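Note that the structure is a prediction, hence the values are computed from the model and not measured.
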Amino acid sequence: MKKKLKAVASVSLVTALMLTSAACGNSNDGGNTKDGNTAENNAQTTNAGANNSGNANSTNDKAANTAAPAEKPDPFSKMSEMVEFTTGISLSADTKPPAGESFENNDVEKWFEQNLNVKPKMAWSTSDQNFAFEQKISLLIAANNIPDVLSISVDPNGLSILKKLIKADMIEDLTQVYNDYGSQNLKDSIGLGGPDALKSVSSDGKLYAIPSIADVETAIPVIWTRKDWLDQVGLPEPQTLDDVETTLKAFKDKFGAGVLPSQQNIFGADTASFDFVFGAYNSYPGQWIRTADGSVGYGSVQPEMKGALERLAKWYKDGLVAKDFIMNDSNKAVEAIAKGKAGVFEGAWWATWYPLPDSVKNDHNANWQATVLKGVDGIAHAKGYGAVRSFVVVKKGFKHPEAIMKMLNYAQEANTKKLDWYNKLTIDEGAKYLNAKMPLLPVSVSAKDPHEITVRYKAIMDVVNGKTKMEDADPETKVQATSILNYNKAADKFADMGLWSLANQFAVGAAGLVKNPVQQTLPAFIGSTDLMQKKKASLDDLEKKTFLEIITGKKSIDEFDKFVEQWNSMGGKDITAEVNGIVGQ
C-alpha cells in the first residue's frame, strides 16, 4: 500500500485498505505558513499508554432507515437525490480488484449508493510511487481542474498543496458543513489529535479540509527478521545496529541473502528505507526538530546525521546494501523478500499486509518476527508525525458537500468497527477485498487515538489471553481478537492469507512495536514558508545528491560538513530563521 495506504495507516490496515486513497510519500519537510501547523516538538514515550477513542455511539446501518429533511442536518441521513462526485486516487502496482468488481463497482460502493445516495466516479488514478499523485495534483491546480473530492497526504507537501488550493479559491469552506453534519464520533475522535488537528487545515478561521489524525506510532520503523534463519545461524533477534550488521553477514554466508532491501527514498518511506539507521543515531532527516539550544532546526543538517551516513557508507562498502539501491522504488526493493533472498528489512508494524504475504506464501517456513532497535545510546529513537496525517477537500462549488461529510461519518464508523454490515463484508466474508489491496472508498478520514496501536494491542491481547471477556470488548477489539483466535485454530495457517495478515498484524507486528519503549521526536514545524517555496527544491536536490554520494562512497563522510555550510549559504539559514519566526509567534 505502499505509501498511499500506509500513509493513512490507522490501527487496522483493513481500514486502510478499504478506506484510504490519499497520496503518500516520503517524509520531507512538509509545508506551512502562519496559517499552517506549527506542531509542538515533543519527545515522548510511545508505550506509556494513551486514551482510547471509544467514546462514540454505535450507529449501525442508520442510513438504511433514515431520511432526514434537508432543513434538519442529520450526519447519517440519506440524500434526497443521488449525488455523484469525481475523485482521483493512487493505486499500488499489486492492486487487483476481485473478478467483475472495481473501484466504482463493489459491494461497499453499492451499499453507499443504495443507503446514502452517494456515488463516486474515478476521474483518474496514479501510481503510489515517486510522488506521482502529488505531481498530478500540482498539475491540476495549475490547470484549475481538480476533481470534486480529493484525499491528500500531509507528507511530503500536502499542507503546501492545501495552501495553494485555498489561495486559488478552489476548495470549499467546510466550517458550517462540519459543524452541522460532522458526526459526534468523528468530532470526538478528531479532538484526540489536539487543537492542531483542525488548525492545520484551517485558514483565517475557516475550515478547508477534514483531517485524519496521525497515529504517531505508525512512524516508528520496525525491523523484521526471519527467525527460522536466525535459529539456523545461532543468533538472537537483533536489538541494535551492530546486531543487524552481524545478522546480515551471517545470512549472507549461510543463505546468500545478506543484502538489506533498500530504495532510493532513503528516509520517510514506510518500507525499505534507512529510517531505522537514522533513528538509531537520534537523527531525523527531512524533519524540522527542536535542537539542543531550544530553537527549531532542519534535521538533515544536524551533527547526528553524520554518524548515520557513515554507518550506511560502511554497509554499502561491505556489500550489505544493494549496489543499485538508488534505482529501486519500494516495490523493487522488496522483491528479494518474496524470493527468499533477504532475511532482514525495515518495514511498518503492519508489514503482514505488505510485503510479507508473498514471502510466506512462497515459503511457509518463513517465520518473520518484529522488533524496534535500540539506538547507539541504548535508547530506541524514532521520528513522529504531526497531528494530521492526511485530509479531505471538496472542490469549490460542489453542490452537496454535506454528502461527502456524511460519507466521512460512515467511514469513521467503519474505521472504528461500529458497522456490523461492514465488518461482516470486509472481514468475515471479505478476504477477496483484503487480498485485492484495493481502496473501496475514495474518501475517508482516520481519526483515532494517536497511540491507538499500543492501546488496541493491549485490549486485544487481554481478550485473547482471557483477561477480558469477548462480550465486554469494544467492536474493533472483538474483530481483531476474533481474527487471532480463528487463526490460532486454523488447521491450515496459510489457506486464507487475509486472515494471516489480519491476525499477525497485532499478534506479531504490534507486539514488536510495543515491546520496547520508544522515544519519538515529533516535528517542531510542518508546512511550507515563502522562502521554502522559492529555495527548498534546490536545497532538497543538494541534500539528496550529497547523501547518496556519501553512502555510495563517491564522497567521504567529511563532505557532510561542507554540505551543511553549502545548505546554509544557499538559503537554508534564512529558511531556518523564517521557521523559527513562525514557531515563536
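Scanning both residues, E402 and M79, for their nearest heavy atoms gives OE2-CE, 3.4 Å. Of all non-hydrogen atoms in S202 and L207, the two that sit nearest each other are OG-CD1, 3.6 Å. Closest approach of S200 to L162, counting heavy atoms only: O-CD2, 4.1 Å. Heavy-atom minimum distance, V579 versus M532: CG2-CE, 3.6 Å. Scanning both residues, M470 and A481, for their nearest heavy atoms gives CE-CB, 4.2 Å. Shown here for V388 and A197, the closest heavy-atom pair between the two residues is CG2-O, 3.3 Å.
Ring geometry for W124 versus F133: interplanar angle of 30 to 60°, hence tilted. In this pair, F506 and Y457 present their aromatic rings parallel. The plane angle is below 30°, not in the 30 to 60° band.
Y354 places a side-chain heavy atom less than 4.5 Å from the side chain of N331. Taking 4.5 Å as the limit, some side-chain heavy atom of I213 sits within range of a side-chain heavy atom of P450. The shortest distance between side-chain heavy atoms of M405 and Y178 falls below 4.5 Å.
Side-chain atoms of Q263 come within 3.5 Å of backbone N or O of T271 as a donor-acceptor pair. Using a distance-only test at 3.5 Å, with no hydrogens or angles considered, no donor-acceptor pair links the side chain of D215 to the main chain of I453. For the pair N105 (side chain) and G100 (backbone), a donor-acceptor distance under 3.5 Å is present. Under a 3.5 Å cut-off, the side chain of K187 and the backbone N or O of N179 do form a donor-acceptor pair. In terms of modelled atom types and a separation under 3.5 Å, the side chain of N106 and the main chain of V108 share a donor-acceptor contact. Between the side chain of S501 and the backbone N or O of G498, no donor-acceptor pair lies under 3.5 Å. Judged purely by atom type and a 3.5 angstrom limit, K406 uses its side chain to pair as donor or acceptor with the backbone of S77. Between the E113 side chain and the V118 main chain, no donor and acceptor come within less than 3.5 Å of each other. Side-chain N or O atoms of Q505 include none that pairs as donor or acceptor with a backbone N or O of A351 at under 3.5 Å. The closest donor-acceptor contact from the side chain of S153 to the backbone of S390 lies at 3.5 Å or more, if one exists at all.
Residues N415 and Y422 bring no donor and acceptor atom of their side chains to less than 3.5 Å of each other. For the residue pair S183/N185, the side-chain donor-acceptor check at 3.5 Å is not satisfied.
T86 meets the side-chain hydrogen bond (donor to acceptor under 3.5 Å, both in side chains) test with D148; sequence neighbours excluded.
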List the steps and the verdict of side-chain hydrogen bond (donor to acceptor under 3.5 Å, both in side chains) for T477 and D474.
CA-CA 5 Å; T477 296; D474 63 83; 2.8 Å; yes
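A salt bridge does not link K332 to D329: none of the charged nitrogens lies less than 4.0 Å from a carboxylate oxygen.
Just one residue in the list V445, V392, L198 forms a side-chain contact (heavy atoms from CB on, under 4.5 Å) with P211, and that residue is L198.
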